[in-house]
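Small disclaimer: the values here were computed from a predicted structure and weren't measured. Chain A is the first sequence line, chain B the second, and so forth, proteins listed ahead of strands; every chain is numbered from 1.
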Amino acid sequence: MNHWLIKSEPDVFSIQDLEKVEQEPWSGVRNYQARNFMWRDMKPGDLALFYHSNAKPPGISGVAKVASASYPDPTQFDKKSEYYDPKATEEKPRWYLVDFEHIATFNELLPLQALKDDPILSEMLVCQKGTRLSITPVDKKHFTRALKLAGTKI
DNA sequence: GCCAACGTTGGC
DNA sequence: GCCAACGTTGGC
């Protein structure tokens, strides 16, 4: 099983939103590296840290689970969508996504600063300067450590 | 609001 | 295929 970190701006879609809807298609990813992770590497049952970016403060807010195989992101075909891609066709889709299912919401956000202050978690990609990828692979040891610091068991 | 980092676009 | 210009991300 692989572990991941997925970023979302809480103003747009937060862990609380995911908790409400229970499951959500991760649409709108328009970066090839992030797409490849979803399309090629994510498997149903994989677990992801849910990270709030552009938040005050930013940090990990909970855990989600990959709940589907990958399939074409329908918003790429929708002319009314802000994620519409004129170069994508139904025959040759460009963008793929998976569904995520809510697993846990942390009692308290695990802030980015706490990740940076931790000798183990500070190795994570999200702590490195200039890492803008919205989906990154995470070592199991980092995933486990984050849950421990958050005081959450799943 | 600033700005560093970095991905994408398009002219050549 | 190079690379400058441009746009976006996201912490601060």
Pair Asp78(A)-Thr75(A), side chain to side chain donor-acceptor pair (under 3.5 Å): steps then yes or no: CA-CA 5 Å; Asp78(A) 179 3; Thr75(A) 63; over 6 Å; no

Nucleotide nearest Leu112(A) (side chain, heavy atoms from C-beta), chosen from dG11(C), dG7(B), dG10(C):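 Of the options given, the side chain of Leu112(A) lies nearest dG11(C).
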
I want to verify a distance call: between dG7(C), dT8(B), dG11(C), whose nearest atom is closest to the Arg132(A) side chain?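 Nearest to the side-chain atoms of Arg132(A), counting from C-beta on, is dG7(C).
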
Lys129(A) side-chain N/O to dG11(C) phosphate OP1/OP2 under 4.0 Å: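 The answer is no; no side-chain N or O of Lys129(A) sits under 4.0 Å from OP1 or OP2.
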
With a cut-off of less than 4.0 Å, is there a side-chain N or O of Tyr32(A) near OP1 or OP2 of dC6(B)?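 Answer is no, no contact under 4.0 Å.
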
Using atom types as modelled and distance alone, determine if a side-chain donor or acceptor of Ser27(A) lies under 3.5 Å from a backbone N or O of Asp73(A).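 The answer is no, because no donor-acceptor pair under 3.5 Å joins these two groups.
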
Which word best sums up how the rings of Trp26(A) and Phe100(A) line up, parallel for under 30°, tilted for 30 to 60°, or perpendicular for over 60°?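 Trp26(A) vs Phe100(A) ring planes: perpendicular.
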
Atom-to-atom span, [atom1] of [X] to [atom2] of [N] - whole angstrom:
{"X": "Gln33(A)", "N": "dT8(C)", "atom1": "CD", "atom2": "P", "result": "19 Å"}
{"X": "Trp95(A)", "N": "dG7(B)", "atom1": "CH2", "atom2": "C1'", "result": "11 Å"}
{"X": "Gln128(A)", "N": "dA5(B)", "atom1": "CD", "atom2": "P", "result": "13 Å"}
{"X": "Arg35(A)", "N": "dG7(B)", "atom1": "CZ", "atom2": "C1'", "result": "14 Å"}
{"X": "Leu125(A)", "N": "dT9(C)", "atom1": "CG", "atom2": "P", "result": "18 Å"}

May I ask you to say what Lys116(A) touches in the nucleic acid, namely base, sugar-phosphate or nothing, with a heavy-atom cut-off under 4.0 Å?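 Contact class for Lys116(A): sugar-phosphate only.
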
For the pair Lys141(A) and Glu123(A), find out whether any cationic side-chain nitrogen is under 4.0 Å from an anionic carboxylate oxygen.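 Looking at Glu123(A) together with Lys141(A), the answer is yes, because their closest N to O distance falls below 4.0 Å.
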
